[in-house]
A.B. asks: 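Quick one: the structure is below, and I'll ask about it shortly.
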Amino acid sequence: MASNRGQFSSRLGFILAAAGSAVGLGNIWGFPTQAASNGGAAFLIVYLILAFCLAYPALMAELIIGRHAHANASRALEKISATPRIARIGHAVGFAGLIVASLILSFYAIVSGWMIGFFVASLLKLFGLILSMFLFVLRSSTAPELVHIVVVQPAIWLETFSTPRNILLMSLFMVLTIGIITKGIHGGIEKWSRRLMPLLILSIAGLAIYVLTLPGAIDGLKVYLLPDFSKAIAPNLLINALGAAFFSLSLGVGTMLIYGSYISDDEHLPSLGGWVTATDVGIAVLAGFLILPAMYVALNNGVEIFSASGQLLSEDTLIFTVLPALFNSMGTTGLIISTIFFLLMTVAALTSSISMLEVPVAYTIENTSVSRTTTTWIVGILIACISAVIIVNFDTLFGLVITVTTRYSQPLLGFMFCIYAGWLWRRDSLLKELQKNHPNAENEWFWRIWPGYVKVICPLIILGIFYQSL
Ligand code: TRP
């Protein structure tokens, strides 16, 4: 029953939580750098079209199934199945989503840990600055050594790739994620998303305005806003934009389905989903106004952002080399900006990671009698162990796990969700779900277009991406 499950207390609470899940490292870094290397404005246009025409309908499939079943993905797909065999397959699809969500979290936690590392290192350096000034006033003779031991060494350790550092930071990030999830829907997910999301939007906007005043920024802005059609016809543009939109809205693993299951029956689902999509896309576009100009400011300051062949350096190199180099070139202001930026990345990662952990946690709670707190710790520690294995075998496993989960599993599972919503769920029962407290749903544009769309167009496009990526 819905009554003893958690529920979002308000419309805004849900929108912030679901948008928090959608907005993550993918939007703030992935989208802008992909835009930069795929023709700038041309990528932006294709991404916008695909986000609303493919990702939004697929998101709606998950939200509607989720709210109808008020259960985790496995049980939800079982519930809407007409025959025992379709139900068994549904259960398996939900379970596969759970595994994929856990694996996505296991690499996401590693990258997010690096964000924490850069955040703490910036904070330490700020502290070092204040400490130096203080010691200077006191005319202390041990000042340089003291600052070196207390600030410089730990900061370098935090910023340098090593197994112990990666494990420590990943564990820290997992503990934060677990801490929020143990508090449940209302007190944990909703409360934190409410606090963190507005902070995130304000920080990106503030940073973007600042960066736009720096020399070189306008070149970045031009790349972002003036389409380069010679690059736009590149064969990868469409696939990349599709993948970006799909990953960005957290689709295919049951994350949005489980969030949908916590929405109250009073809400108008099509507009809720629309808000989430608009927020997600809006933040990605906003982040573009920060990242692209920042890259060209870095270029202006002598930082390499293109390889000899004119290709943009790879995404991870960019974020962990270019941005710190940019911040360094800006003196004390840069230190403050760096602190805010990496805090912001950590925040964005956290509102996404909680949505990933909620998938296996909800499944376990709903299938056993174990409490939320115990379940969260056990599942969280298990995922941290997988992360540790990836860290220890970084060169072989890291890229592999990302490819298998995001490039292959997500589109395939997303395809299955559309098949369940479009073909295997009875149309009248689907309509009933939409009509809850909104009797006019049958006459709305959404019901005229969406059922056929999710049945045919979405699966075809997703299959197309999957086929291409092979
Ligand atoms: N959408 C998030 C981002 O852009 C990541 C994310 C959260 C995700 N939950 C997910 C991705 C579930 C895939 C599946 O960073």
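Start at 1 with the first residue, then count along the sequence. For ligands, and for the atoms within them, numbers begin at 1 and follow the listed sequence.
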A.B. asks: With ring centroids as reference points, do F95 and Y363 lie under 6.0 angstrom apart?
C.D. replies: yes
A.B. asks: Can you say whether the rings of F398 and F107 are parallel (under 30°), tilted (30 to 60°) or perpendicular (over 60°)?
C.D. replies: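 Rings of F398 and F107: perpendicular, over 60°.
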A.B. asks: Would you call the rings of F31 and F43 parallel, tilted or perpendicular if under 30° counts as parallel and over 60° as perpendicular?
C.D. replies: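 Ring orientation of F31 relative to F43: tilted.
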A.B. asks: Quick check on ligand 1: any N or O pairs to the protein under 3.5 Å? One line per pair.
C.D. replies:
residue	atom	partner	partner atom	Å
ligand 1	1 (N)	S21	O	3.4
ligand 1	1 (N)	A22	O	2.9
ligand 1	1 (N)	F247	O	3.0
ligand 1	1 (N)	S248	O	3.0
ligand 1	1 (N)	S250	OG	3.1
ligand 1	4 (O)	A22	O	3.0
ligand 1	4 (O)	N27	OD1	3.0
ligand 1	9 (N)	S250	OG	3.2
ligand 1	9 (N)	S355	OG	3.3
ligand 1	15 (O)	L25	N	3.2
ligand 1	15 (O)	G26	N	3.0
ligand 1	15 (O)	Y108	OH	2.6

A.B. asks: Can you label the angle between the F327 ring and the F342 ring as parallel, tilted or perpendicular, going by 30° and 60°?
C.D. replies: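 Taking F342 first and then F327, their aromatic rings stand perpendicular (interplane angle over 60°).
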A.B. asks: Pick out which of V253, I383, L98, I386 makes a side chain to side chain contact (heavy atoms under 4.5 Å, CB included) with L103.
C.D. replies: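 With L103 as partner, V253, I383, L98, I386 yield a single side chain to side chain contact (heavy atoms under 4.5 Å, CB included), made by I386.
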A.B. asks: Under 3.5 Å, is there a donor-acceptor pair linking the side chains of S338 and S122?
C.D. replies: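 Short answer, yes.
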